[in-house]
Amino acid sequence: MISLTDCFNQLESALNTLCKAIRLHPSRTAEVYQLPEILKGEENNTVNTISVIPVSGEGAVSLALSHYQRLFIFDNDQEISSKSAIRLPGVLLITLSPAQRKIMQQQLNEVNRLKQQLASIVTETSGVDKTQRFEFVHNQIKGLITLNAYRQIQSVTSPSSVRFGWANKHIIQKVDRDTLLSQLEEQYQNPRAIQSLTREERQVYLAKEISALKQVPEDAILKIKRPVKVQPIARVWYSEAQKQVQYACASPLIVFCDENEEKPVTGVLPDYDAENIKIRHRPKAKKLIPVISRLYVYMEVM
């Protein structure tokens, strides 16, 4: 089995090869949107407005390639949070012949394969408990930004247009009452100090949560409704197929263009303003009653 450090070294090498090939290719351009950096201590602040700075041309190409290779917290300013996702929405357009595209697609596939393998080593094959993964990774690769290392680099081929927007939603998933109760009881038996709470103080909170969960009927439908911070998205349109595909756009989307075709139309990412969001369709949701606020656990009203 390949080690974590060997896998990471291979990933770095593959990334360097891909970025060098893009940098030296004569027919590439980019449009990216710089977002405000998040300072330490402000990670959980409510975000109502986001001002973007558009960059195009050679400056955008350099920013895009640097973003793909930004893997360590040492690359950040000391005042910038290492806990928040580092995002650079935008598009990197590359015009290629079929043979050139095949080679570059293979290079990109190898980068993404190694990213997936790195994540699998940490989360699966290592056998390390979830609570010990941070130490496992950083004891071997000091300062690694795991989210950036895991994040796949998305690519599309010959779309008609690429436009940008913002997504602001919740993640909703069902949760089993007994499974959750078992997890809380296990934490109660072996409490860990977190943030500003001692082990004893956390045990008190866990006891209240266990009590609240036990009052929920066994046949009740429980859901986790967790808010997701607003994030940039790319909407890719294929006119021939009359099809739109939406991508989370934390990194510049690579667009491979055929040298005999017109380049796709690219839109602009507007500033985000929570007060002026236009919701096209909001499905009717079932009423939820909060059960455990800390875990965003709700009970569905029948």
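What you see is a predicted model, and the numbers here were worked out from it, not measured in a lab. Just so you know, residue 1 is the first one in the sequence shown, and it goes up from there.
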Exercise. In terms of hydrophobic clustering (I, L, V, M, F, W, Y; side-chain heavy atoms under 4.5 Å; direct or indirect links), are L11 and I86 co-clustered?
Worked result: yes
For this session: Say whether V301 and V291 are linked into one hydrophobic cluster, either directly or through other cluster members, by side-chain heavy-atom distances under 4.5 angstrom.
Result: yes
For this session: Return the minimal non-hydrogen interatomic distance between P270 and V52, and the atom names on each side.
Result: O-CG1, 4.1 Å
Problem set entry | Joint cluster assignment, V122 & L15, ILVMFWY side-chain distance < 4.5 Å | yes
Exercise. Got a sec: does the CZ of F136 have more than 12 other heavy atoms crowding it under 6.0 Å?
Worked result: yes
Exercise. Do side-chain atoms of Q100 reach the backbone of S97 as a donor and acceptor pair under 3.5 angstrom?
Worked result: yes
Exercise. Rounded to the nearest 0.5 Å, how far does OG of S126 lie from CG of L4?
Worked result: 8.5 Å
Exercise. What's the spacing between S182 OG and I210 CD1 if we round to 0.5 Å?
Worked result: 10.0 Å
Problem set entry | Non-hydrogen side-chain atoms of I172 and Y298 separated by less than 4.5 Å | no
Exercise. Between I2 and Q117, is any pair of side-chain heavy atoms under 4.5 Å apart?
Worked result: yes
Exercise. Side chains of K223 and I221: does their closest heavy-atom pair fall under 4.5 Å?
Worked result: yes
For this session: State whether E58 and R28 are salt-bridged, where the test is any N-O pair (Lys NZ or Arg NE/NH1/NH2 against Asp/Glu carboxylate O) under 4.0 Å.
Result: yes
Problem set entry | E240, CD: over 12 other non-hydrogen atoms inside 6.0 angstrom | no
Exercise. How close do P252 and A64 get, heavy atom to heavy atom, and via which atoms?
Worked result: CG-CB, 3.7 Å
For this session: Measure across P264 and V255 and return the closest heavy-atom pair with its distance rounded to 0.1 Å.
Result: CG-CG1, 4.0 Å
Exercise. So how far is it from L118 CG to Q10 CD, rounded to the nearest 0.5 Å?
Worked result: 10.5 Å
Exercise. Run the side-chain hydrogen bond (donor to acceptor under 3.5 Å, both in side chains) check on T95 and S27 step by step: do they pass?
Worked result: CA-CA 5 Å; T95 302; S27 299; 5.3 Å; no
Exercise. Is the number of heavy atoms from other residues, nucleotides or ligands within 6.0 Å of CD (E218) greater than 12?
Worked result: no
Exercise. Do the non-hydrogen side-chain atoms of Y68 and V111 ever get within less than 4.5 Å of each other?
Worked result: no
Problem set entry | Pairs meeting criterion side chain to side chain donor-acceptor pair (under 3.5 Å) with involvement of residues 143-152, two or more places apart | none
For this session: Locate the shortest heavy-atom distance separating Q242 from S239; write the atom from each residue and the value.
Result: NE2-O, 2.8 Å
Problem set entry | Any F164 side-chain heavy atom under 4.5 Å of V268 side chain | no
Exercise. Does a side-chain heavy-atom distance below 4.5 Å link L71 with E12?
Worked result: yes
Exercise. Between S3 and D6, do the side chains contain an N or O donor and an N or O acceptor separated by less than 3.5 Å?
Worked result: yes
Exercise. Taking atom types as modelled and ignoring hydrogens, do the side chains of S158 and E261 form a donor-acceptor contact shorter than 3.5 angstrom?
Worked result: yes
Problem set entry | Lys/Arg-Asp/Glu bridge criterion (N-O < 4.0 Å) met for E300, K287 | no
Seminar exercise, completed: So OG of S51 and CG of L35: to nearest 0.5 Å the spacing works out to 10.0 Å
Exercise. So among Q203, E209, R202, which one has a side-chain hydrogen bond (donor to acceptor under 3.5 Å, both in side chains) with Q187?
Worked result: R202
Exercise. Got a second to check how far L92's CG is from L253's CG, nearest 0.5 Å?
Worked result: 9.0 Å
Exercise. Is the number of heavy atoms from other residues, nucleotides or ligands within 6.0 Å of CD (E262) greater than 12?
Worked result: no
Problem set entry | Atom CD of E186: over 12 foreign heavy atoms under 6.0 Å | no
For this session: Kindly indicate whether the side chain of P217, heavy atoms from C-beta on, has any atom under 4.5 Å from the side chain of M299.
Result: yes
Problem set entry | Check: Y272 side chain, G165 main-chain N or O, donor-acceptor pair, under 3.5 Å | no
Exercise. Quick one: CD1 on I254 to CD on Q105, what's the gap to the nearest 0.5 Å?
Worked result: 8.5 Å
Exercise. Is there a donor-acceptor pair closer than 3.5 Å between any side-chain N or O of T123 and the backbone N or O of A119?
Worked result: yes
Problem set entry | Verify same cluster id: Y205, Y296 (apolar side-chain graph, 4.5 Å) | no
Exercise. Does atom OH of Y238 have more than 12 heavy-atom neighbours from other groups under 6.0 Å away?
Worked result: yes
Exercise. Does the side chain of R294 come within less than 4.5 Å of L206's, by heavy atoms?
Worked result: yes
Problem set entry | Sidechain N-carboxylate O distance under 4.0 Å for E110, K115 | no
Exercise. Are the aromatic rings of F8 and F72 close, with centres under 6.0 Å apart?
Worked result: yes
Exercise. D258 and R101: which non-hydrogen atoms are nearest, and at how many Å?
Worked result: OD2-NH1, 4.1 Å
Problem set entry | Least distance between heavy atoms, L288 atom then K225 atom | CD1-CD, 3.9 Å
For this session: With side-chain hydrogen bond (donor to acceptor under 3.5 Å, both in side chains) as the test, would you mind laying out the steps for T266 and E31 before giving the verdict?
Result: CA-CA 9 Å; T266 55; E31 296 175 20; 3.2 Å; yes
For this session: Consider only side-chain heavy atoms of I, L, V, M, F, W and Y, link residues closer than 4.5 Å, and tell whether L180 and I289 are in one cluster.
Result: yes
